[in-house]
Amino acid sequence: MHGDALPTPPGSADEVIDDLRRQLARQDLRIQELQHRALSGSQAVARQLGSLLSELRDPAARAVLEEARSRVEALGDIHRTLAPRPAAEYVEMRASLGDLCAALSRALDANGRDITLRLTVTGPALPARIAVPICLIANELVGNALRFAFRGRTRGTVSVVLRTAGDRVMFSVSDDGVGISERTLRRDDTGLWLVRQLASELGAILDLNRDDGTSISVLIPLSEGA
């Protein structure tokens, strides 16, 4: 027996799904607005720091502001590359880390100081929830290596490696510079503190080696709660 199709009752699965889609669309718009504000804010801070630098003559004060400006600019690059992506989306890390390393190299004049920056990325794209913290860790570690590892030296190499092995991701930044000092480790400056915090949030294992320069690696589980 054939009859007419039954009308969709209020509160049916189709209506619930449509309502969820509308809610997600509104949420995406709010997130995009917040991201735009954050990016505009970082650009404004970088411009203000640049203006202050043009007025300063004290070398120590200029060095502090230069470091702050390069960090803000690099964070802006990370934001432009990754912020538009939903948390569930996957990120191609070769391009993202390549853009970040290139921005840090320009900002900190790596070529002019004869510092070679090498990037090796193997493995599939990573979920944004892992990719974004890795880029933030890279910003700190690569930036610190370019700023401090080669003081008093005419050349050097910084190696950035990301590879996936089984259910874990290994990320490392190594240099053949003067080596991180005990004083810096005891002081736990802002950069290292941030790296430790990000590693902890990822449930990662952090390792530091000071043989022939400095090497810091982070072993990250791919699955949450692993």
Side-chain angles (χ1 to χ4, degrees), residues 20 24-25 27-39 42 70-108 110 116-146 157-175 190-209 214-226:
L20 286 172
L24 286 172
Q27 186 180 29
D28 284 344
L29 285 174
R30 288 195 292 269
I31 290 172
Q32 288 173 23
E33 181 183 359
L34 289 172
Q35 289 169 346
H36 176 72
R37 290 180 181 178
L39 180 56
S42 67
S70 67
R71 282 184 172 181
V72 169
E73 288 175 343
L75 288 172
D77 288 331
I78 294 172
H79 186 89
R80 276 187 292 272
T81 302
L82 298 176
R85 303 173 185 271
E89 188 171 329
Y90 281 71
V91 177
E92 172 50 58
M93 295 303 292
R94 186 185 302 277
S96 297
L97 286 173
D99 290 345
L100 174 61
C101 288
L104 287 167
S105 181
R106 288 192 302 271
L108 298 170
T116 301
L117 188 54
R118 294 175 177 164
L119 173 64
T120 303
V121 177
T122 58
L126 296 177
R129 67 174 180 81
I130 293 177
V132 173
I134 286 177
C135 285
L136 291 171
I137 290 171
N139 180 51
E140 294 301 326
L141 296 183
V142 175
N144 283 346
L146 292 176
T157 301
V158 178
S159 299
V160 181
V161 177
L162 177 74
R163 67 171 183 265
T164 302
D167 61 351
R168 295 189 179 272
V169 178
M170 195 283 290
F171 177 72
S172 69
V173 176
S174 307
D175 66 69
T190 303
L192 287 178
W193 177 85
L194 179 58
V195 169
R196 289 191 174 103
Q197 288 296 113
L198 289 166
S200 176
E201 289 173 10
L202 288 168
I205 299 170
L206 189 147
D207 182 67
L208 186 148
N209 188 304
T214 301
S215 177
I216 298 178
S217 63
V218 185
L219 189 62
I220 306 162
L222 276 172
S223 57
E224 294 184 78

For [X] against [Y], the heavy-atom pair lying closest together:
X: S105; Y: L117; result: CB-CD2, 4.2 Å
X: L198; Y: P133; result: CD1-O, 4.1 Å
X: F171; Y: A138; result: CZ-CB, 3.5 Å
X: L108; Y: G143; result: CD1-O, 3.8 Å
X: I220; Y: A204; result: CG1-CB, 3.8 Å
X: M93; Y: L126; result: CG-CD1, 3.7 Å

[atom1] of [X] to [atom2] of [Y]: how many Å apart, nearest 0.5 Å?
X: D167; Y: L222; atom1: CG; atom2: CG; result: 6.5 Å
X: N144; Y: L104; atom1: CG; atom2: CG; result: 10.0 Å
X: R94; Y: L119; atom1: CZ; atom2: CG; result: 7.0 Å
X: L202; Y: R129; atom1: CG; atom2: CZ; result: 8.0 Å
X: S215; Y: D207; atom1: OG; atom2: CG; result: 7.5 Å
X: I216; Y: I137; atom1: CD1; atom2: CD1; result: 10.0 Å

Inset, instruction - Check whether any side-chain N or O of R168 sits under 3.5 Å from a backbone N or O of L219 as a donor-acceptor pair, and report yes or no. - result: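 No, the answer is negative, given that no donor and acceptor are paired below the 3.5 Å cut-off.
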Legend entry - Check: S96 side chain, E92 main-chain N or O, donor-acceptor pair, under 3.5 Å: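 Yes, because the side chain of S96 sits within donor-acceptor range (under 3.5 Å) of the backbone of E92.
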Inset, instruction - Apply the test side-chain contact (heavy atoms from CB on, under 4.5 Å) to residues N139 and L194: give CA-CA distance (whole Å), side-chain angles for both, the deciding distance (0.1 Å), then the verdict. - result: CA-CA 10 Å; N139 180 51; L194 179 58; over 6 Å; no
Inset, instruction - Begin with the C-alpha distance, continue with both residues' side-chain angles, and end with the deciding distance and a verdict on side-chain contact (heavy atoms from CB on, under 4.5 Å) for M170 and V161. - result: CA-CA 8 Å; M170 195 283 290; V161 177; 4.2 Å; yes
Legend entry - Residue pair V142 / L100, side-chain heavy-atom distance below 4.5 Å: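 Counting from C-beta outward, V142 and L100 never come under 4.5 Å.
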Inset, instruction - Test side-chain contact (heavy atoms from CB on, under 4.5 Å) on T157 and T116 and set out the steps. - result: CA-CA 5 Å; T157 301; T116 301; 4.1 Å; yes
